[in-house]
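To keep things clear, I will list the structure first and then write my remarks on it.
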Amino acid sequence: MEIDYIENEVSILQPPAAQRRRIRPVDDAHPFDLDAYISGYSGRTALDRLVHIISTCPTLAPQALKLSFAQIEELRDPTLYQTVMNAYDAVADLPEVQLPPTSELCPVNTVWCEEVTKKNQAERTKLEVELKTYSNNMIKESIRMGHRDLGDFYRATGDYTQALKHYTKSREFCSTSQHVLDMCLSVLELVIEQRNYSHISSYVFKAEGALDTASAAAASNSTAGPAAPPPKRSAERDQVQSKLDFAMALFHLGQANYEKAAQLFLKIGPPDSLGDWIGKLVAPGDFAVYGTLCALASMSRSAIKSQLTGNAIFSAYIEQEPYVRDLIQSYLSSDFKNVLELLERYSTRHHVDIHIYSHVYDLTNLIRNVAVVLYFQPFQTIRLDRMSAAFGWTVDEVEKEVVALIQSGQIQGRVDSQNKILKARKVDHRAELFARAIKTAAEIQSTNRKLLLRMRLQQADLVVKPPKSRREQDRATELLQGD
């Protein structure tokens, strides 16, 4: 019996209950080194990642809690203690998780909290008084700097709403394109920290406009100056452009547009071109993970071979995550079983990342689907048990996967469920050729009829002519062009 689809089947790709709760294991089958991972980050992004790890990996929660408390004292936001403890308590309340209370692991440094709160209050008062003074004196540049300083202060203390308000307010007092560019970069850092991807694109476009204006002004001024400054300005532009490419890649990733995200991740320059964003917002190894997963899920094999393996800059990022190179090589050599095993083995590494964790399930499914399609392409018929050996699945799992791909139109074939054989649909290429020829002939015939009709209308003087004034104007234009 042959079937084209199966109704009400549960896909083997549906996430298990543990994955729906985003609880990931850390063991020999799913290795993850927390100390090595978190050492690549600093500041607020390090703490955000530790909080996410507490929520995602209960086995690492006590260690992540201690690292979080140590990281908090390097920042200026005492309320982060409560944020970390809330995340820890939420995991500890799960029935299958047993964790010691926070009081036994590390106490809250109340003395530090009181001191930092007083310092923050004093600095806030000082900055607000300075801004008020500048506003009264109508000093435009000082007002801009006052809003910028208040934005930096509120960002450091965790009040992102006020920080965004003051950053955007400083735009009214920007007198040069460089000031606008600095404001846009500050806002981009803020929204990336917030993971508010929908706001990224508008500020990237503003920053690109300011960057073009600044570059044009620099180019016009360089004619009167020495020859040395232009390369410096070019390096600065490359640094800013790499930051904008990274921001737009995150925007497309947030929109689940994986192909555009992959193209931008692969376009990013070397780590030094991102300046202080390395560590502050992202680590070099993250580019290897982001770019590779998005590329494998959305790009053709030839594009992957040329843009990943043939990209010297991206190869430097891959060296930060050695398993990524094995993943790419296995994919290009059609060793799909190893591809799926690597994706599963390092799934914890992918789920602990604050930017890509919500896309890991979809990306893995897309890579899995592409692998099945590529494996079946050379065959007219293939036994499902052969596919099960190639992918490491049971025959029933292979059948369910293949049926899902047939339903979605990614595989043109039929499943013989009795004999467990996948057969490609037979295409009559001769009939297709005749159909295309007949269609082309009909289009040519229709065009010729329209041309003949127009010629007969012109012969019978049944063509609507333009007004006399219009004809005279067209004739005068022709004469002028002839001269």
Any ion pair linking [Y] and [X] (charged N to carboxylate O, less than 4.0 Å)?
X    : Y    : answer
E123 : R76  : yes
E189 : K243 : no
R349 : D286 : yes
R148 : D182 : no
D48  : R44  : yes

Note, [X] side chain near [Y] side chain (heavy atom, < 4.5 Å):
X    : Y    : value
L105 : F69  : no
K140 : I143 : no
I192 : Y197 : no

R124 meets the salt bridge (charged side-chain N to carboxylate O under 4.0 Å, His left out) criterion, sequence neighbours left out, with E128
What pairs with F314 under ring pair (Phe, Tyr, Trp, His ring centres under 6.0 Å), at least two apart in sequence or on another chain? none
Answer yes or no for R49 and Y41: cation-pi contact, defined as NZ/CZ to six-membered ring centre under 6.0 Å and angle to ring axis within 45°. yes
Expected output: side-chain S306 to main-chain A303 donor-acceptor under 3.5 Å: yes
Answer yes or no: is there a donor N or O on one side and an acceptor on the other, between the side chain of T56 and the main chain of I53, under 3.5 Å? no
When you check the side-chain N and O atoms of [X] and [Y], is any donor under 3.5 Å from an acceptor?
X    : Y    : result
D159 : T161 : no
E73  : Y81  : yes
S408 : Q410 : yes
H30  : E344 : yes
N338 : S330 : yes
R24  : S347 : yes
D35  : Q63  : yes
S273 : S242 : yes

Atom [atom1] in [X], atom [atom2] in [Y]: separation rounded to 0.5 Å?
X    : Y    : atom1 : atom2 : value
I318 : L308 : CD1   : CG    : 5.5 Å
Q121 : K119 : CD    : NZ    : 14.5 Å
N311 : L266 : CG    : CG    : 6.5 Å
D28  : R345 : CG    : CZ    : 8.0 Å

Should the ring pair [X] and [Y] be called parallel, tilted or perpendicular, given that the plane angle runs from 0 to 90° and is split at 30 and 60?
X    : Y    : answer
Y290 : F265 : tilted
H350 : Y323 : tilted
Y375 : F379 : tilted
F173 : H147 : parallel

Just checking Y160 against Y154, ring centres under 6.0 Å apart? no
